[in-house]
Amino acid sequence: MTESVFLKKKEVREAINFIRQVTDFRPRLALILGSGLGNFGDRINAISTVSSSEIPYYPVSSVQGHAGKLIFGYLQTDTFHSMPLLVFQGRVHFYEIGSIERVVFPIVFSHQLGIKKLIITNAAGGINSCFHAGDLMLIQDILNLAGIQLPTTPNDSVLPNQKYSNYFDTEMKHKVLQCASQIKIPLQQGTYCCLRGPSYETPAEIQMLKRIGVDAVGMSTVPEIFLARSLGMKTVGISLISNLAAGISSVKLSHADVTETGTKVTGRFSELIEQLVLSLN
Ligand code: HPA
């Protein structure tokens with residue numbers, strides 16, 4: 001696993017060379033937008049927009065709600081503009097391509113571009129009984145139940161994967177809490193569990209996850225966070241609770257509902273992310 005992530009560096013270099021021909025913009029903060037959350041990209045003052053299908057070796061998503069665009073630019077207010085950004089509109093999931101190297105390609109790519117900070121977002125099913133569809137959750141910890149060996153950096157090749165006591169940057173988490181309170185957006189907090197998918201869980205699986213302390217479940221994010229952490233990137237994660245998980249509510253789950261909730265609460269989500277991005281430096 002580590003060796004192949006290492007070997008894929010050649011591919012990443014080709015992808016970076018391609019980007020360098022398109023733009024000399026130097027982003028310092030990356031933002032990954034999950035299912036139904038891509039609209040935030042419209043707020044960016046774009047210097048350059050690239051379709052992921054144009055970039056050599058870049059993984060292309062087949063899932064609706066994942067536009068597959070990379071936006072290089074700034075967030076701008078009348079008086080202020082943010083640090084230079086790279087916004088990923090959409091991501092690929094392990095269940096789509098069966099290759100963890102492809103899933104984490106955007107992270108290696110961001111790291112090679114010199115990006116040191118990362119905001120990861122996703123849509124997730126709510127398990128905690130205090131959660132409602134449309135809530136936002138600051139990810140406090142992660143659980144990998146996807147049955148995937150997670151990638152590490154080449155330097156770790158002779159060691160077992162290192163587990164960190166904290167995958168998230170304390171200061172960035174603090175900023176998320178501060179921004180939510182400033183703009184009066186209620187924010188849940190909890191543990192996000194990644195399963196392999198692609199099918200949603202059974203009610204029995206959700207009961208099991210609830211008993212072991214999971215607050216929200218999805219099919220992404222954990223591999224990206226894992227690698228970003230081992231590459232030394234400062235990371236924070238936010239989930240949109242797009243639905244209550246199977247059996248928690250009697251409503252039948254569908255991907256259409258997941259993206260629809262994303263679109264409905266896009267205002268609140270975007271306000272929080274905008275505030276956060278503007279507060280980071
Ligand atoms: N389960 C798994 N993944 C998800 C869910 C869910 O209920 N909602 C959004 N992504």
Side-chain angles (χ1 to χ4, degrees), residues 31-40 59 61-68 88-98 100 103-104 106 119-148 150 187-226 237-266 268-270 272-273:
L31 166 63
I32 299 180
L33 298 170
S35 291
L37 299 171
N39 286 352
F40 181 77
S61 175
S62 55
V63 178
Q64 191 232 329
H66 291 261
F88 294 90
Q89 265 183 328
R91 62 152 62 79
V92 293
H93 305 83
F94 185 77
Y95 65 77
E96 292 178 75
I97 42 177
I100 199 67
V103 169
V104 297
I119 304 171
I120 294 201
T121 69
N122 59 43
I127 297 181
N128 185 312
S129 32
C130 299
F131 289 5
H132 301 97
D135 281 355
L136 299 173
M137 181 188 93
L138 172 64
I139 305 176
Q140 285 288 4
D141 208 346
I142 46 177
L143 185 58
N144 171 31
L145 290 185
I148 314 167
L150 297 177
L187 187 66
Q188 306 283 9
Q189 299 182 51
T191 296
Y192 173 91
C193 173
C194 173
L195 297 185
R196 187 190 287 235
S199 38
Y200 291 123
E201 303 70 34
T202 66
E205 286 166 341
I206 294 301
Q207 282 310 311
M208 175 193 74
L209 295 177
K210 188 170 185 166
R211 287 199 187 111
I212 62 174
V214 172
D215 298 292
V217 62
M219 303 171 197
S220 69
T221 303
V222 170
E224 290 115 298
I225 288 172
F226 202 89
I238 299 171
S239 294
L240 161 70
I241 305 302
S242 54
N243 56 281
L244 292 181
I248 302 277
S249 120
S250 52
V251 179
K252 187 169 175 283
L253 293 184
S254 75
H255 183 64
D257 290 342
V258 167
T259 48
E260 196 186 308
T261 309
T263 314
K264 270 192 203 146
V265 300
T266 207
R268 251 191 314 161
F269 170 81
S270 296
L272 179 60
I273 299 294

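Ligands are counted one by one from 1 in listed order, and the atoms in each one are counted from 1 as well. Since we're looking at a predicted model, the values are computed, not measured.
- For atom 3 (N) of ligand 1, the nearest protein heavy atom (residue, atom name, distance) is Gly218 CA, 3.4 Å.
- Atom-to-atom distance recorded for Asp215:CG and Ser239:OG is 10.0 Å, nearest 0.5 angstrom.
- Close approach of ligand 1 to Ser242 is summarised as follows: ligand atoms under 4.0 Å from at least one heavy atom of the residue are 8 (N), 9 (C).
- Applying side-chain contact (heavy atoms from CB on, under 4.5 Å) to Arg91 and the options Asn122, Thr121, Val103 leaves one that passes, Asn122.
- Near Gly125, meaning under 4.0 Å from one of its heavy atoms, ligand 1 places the atoms 5 (C), 6 (C), 7 (O), 8 (N), 9 (C).
- Of the heavy atoms in Ala124, only backbone atoms (N, CA, C, O) come closer than 4.0 Å to ligand 1.
- Counting only heavy atoms of the protein, atom 2 (C) of ligand 1 lies nearest to Glu201 OE2, 3.1 Å.
- For the pair Leu37/Ile273, no side-chain contact is recorded, criterion being any heavy-atom separation below 4.5 Å from C-beta on.
- For the pair Asn243 and ligand 1, the shortest N or O to N or O distance falls below 3.5 Å.
- Residues Ile142 and Thr221 fail the side-chain proximity criterion, which asks for heavy atoms closer than 4.5 Å.
- Judged purely by atom type and a 3.5 angstrom limit, Tyr95 has no side-chain atom pairing as donor or acceptor with the backbone of Ser199.
- In terms of protein heavy atoms, atom 6 (C) of ligand 1 is closest to Tyr200 CD2, 3.5 Å.
- Scanning the protein for heavy atoms near atom 10 (N) of ligand 1, the closest one is Ala123 O, 3.4 Å.
- Residues Leu33 and Gln89 approach most closely at CD1-CG, 4.1 Å, considering heavy atoms.
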